[in-house]
Enquirer: 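Dumping the structure here so I can ask a few things about it.
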Amino acid sequence: MKQFPILYWPRKTTADNDYQLSRKVINNITGVMPDVLTGDFDLADIMEKNPNATVYYPVFCESTGWWGELLGGVAIVTDKLIISPECQLMVIENEHNVSSRGARGKNQLLAAEIYPASGFFKKMNSGIATVADMLATDAGTILALFSGRSQSQFVNILESTGNSYLGCIGRY
């Protein structure tokens, strides 16, 4: 399948060493210089218009809640590339393309909207999933990102505690 790399870059590109290095790394991996998107980012729209695209999404060391805008889409994180101590690229592909060839890793990034209750956290500490990131919402809920091996076990635990599951957004 032909690669269509797209690099999303939310910062100024001029004189940005991480930006230049990101383009070089993507070119080395795919053999093609990526198209670059700046400004507004709608991953669902990008995947709909470019179903064979691979999106490279930078996560900077000061980023929090970077995954929130990925929720609810058909995109999954299939890999991550370390660019520098301050930047890594999340490699995001259409889940339909990945499922046909299999995931690269065993751990998945799993997202859920939860109400912070002690029972939930006790069950999550049982080894099914570990917390990777959390983001509080104005509604008093927490959007939580977990790393785990079994999506079905994760969903069963969530449902048994009465919490909402928003879907799997990626795999490492």
Enquirer: State, to 0.1 Å, how close V32 and T30 come at their nearest heavy-atom pair, and which atoms those are.
Expert: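 Looks like O-OG1, 2.9 Å.
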Enquirer: Is there side-chain contact between I92 and M47, with at least one heavy-atom pair below 4.5 Å?
Expert: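 They are in side-chain contact.
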Enquirer: Quick check: do T141 and I114 have side-chain heavy atoms less than 4.5 Å from each other?
Expert: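 Contact flag for T141/I114 side chains = no.
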Enquirer: Work out which heavy atom in I6 is nearest to a heavy atom in A53; give both atom names and the distance.
Expert: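 That would be CD1-CB, 3.8 Å.
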Enquirer: Kindly compute the distance separating CG (N27) from OG (S22), expressed to the nearest 0.5 Å.
Expert: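 Rounded to the nearest 0.5 Å, the CG-OG separation comes to 12.5 Å.
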Enquirer: Quick one: are L43 and V55 in side-chain contact, heavy atoms under 4.5 Å?
Expert: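 The answer is yes; the side chains approach within 4.5 Å.
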Enquirer: To the nearest 0.5 angstrom, please state how far the CG atom of L110 sits from the CZ atom of F146.
Expert: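 That separation rounds to 8.5 Å.
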Enquirer: Step by step, would you call Q88 with F60 a side chain to side chain contact (heavy atoms under 4.5 Å, CB included)?
Expert: CA-CA 7 Å; Q88 63 182 342; F60 303 101; over 6 Å; no
Enquirer: Quick one: are P34 and R23 in side-chain contact, heavy atoms under 4.5 Å?
Expert: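 The answer is yes; the side chains approach within 4.5 Å.
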Enquirer: Between W9 and D18, do the side chains contain an N or O donor and an N or O acceptor separated by less than 3.5 Å?
Expert: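 Short answer, no.
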Enquirer: Determine whether a donor-acceptor pair (N or O, by modelled atom type, separation under 3.5 Å) exists between the side chain of T54 and the backbone of F4.
Expert: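 Judged by distance alone, no pair lies under 3.5 Å.
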Enquirer: Answer whether the closest heavy-atom distance between the side chains of D79 and L89 falls below 4.5 Å.
Expert: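 With C-beta onward as the side chain, the pair stays apart.
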Enquirer: With a 4.5 Å heavy-atom cut-off, do I83 and V25 have their side chains touching?
Expert: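 Yes, their side chains come closer than 4.5 Å.
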Enquirer: State the CG-CD distance between L158 and Q153, to the nearest 0.5 angstrom.
Expert: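 Going from the CG atom of L158 to the CD atom of Q153 covers 12.0 Å.
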Enquirer: Below 4.5 Å, heavy atoms only, C-beta onward: do D16 and Q20 meet side chain to side chain?
Expert: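 In short, these two side chains do not touch, never coming nearer than 4.5 Å.
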Enquirer: To the nearest 0.5 Å, tell me how far E159 CD sits from F154 CZ.
Expert: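 Answer rounded to 0.5 Å: 11.0 Å.
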Enquirer: Decide if atom CG of N17 counts as having more than 12 heavy atoms of other residues, nucleotides or ligands within a radius under 6.0 Å.
Expert: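 Open: at most 12 neighbouring heavy atoms sit under 6.0 Å from CG of N17.
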Enquirer: Tell me if a side-chain donor or acceptor on N50 pairs with a main-chain N or O of N52 at a distance below 3.5 Å.
Expert: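 Looks like no, no N/O pair under 3.5 Å.
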Enquirer: Given the rule that I, L, V, M, F, W and Y join up when any side-chain heavy atoms are under 4.5 Å apart, are M33 and L21 in one cluster?
Expert: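 Shared cluster, no.
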Enquirer: For a quick test of reading the model, state the closest non-hydrogen atom pair linking P85 to C61 and the distance between them.
Expert: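 Nearest heavy atoms, P85 then C61: O-CB, 4.3 Å.
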Enquirer: Could you walk me through whether Y8 and Y56 satisfy the ring-ring contact (aromatic ring centres under 6.0 Å, His included) test, starting with their C-alpha distance in whole Å, then the side-chain angles of each, then the deciding distance to 0.1 Å, before giving a yes or no?
Expert: CA-CA 6 Å; Y8 168 65; Y56 295 84; over 10 Å; no
Enquirer: Minimum heavy-atom separation for L37 to I46, with atom names?
Expert: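 Of all heavy-atom pairs spanning L37 and I46, the closest is CD1-CD1, 3.4 Å.
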Enquirer: More than 12 foreign heavy atoms under 6.0 Å from CG of N28: is that the case here?
Expert: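 Check passes, neighbour count above 12.
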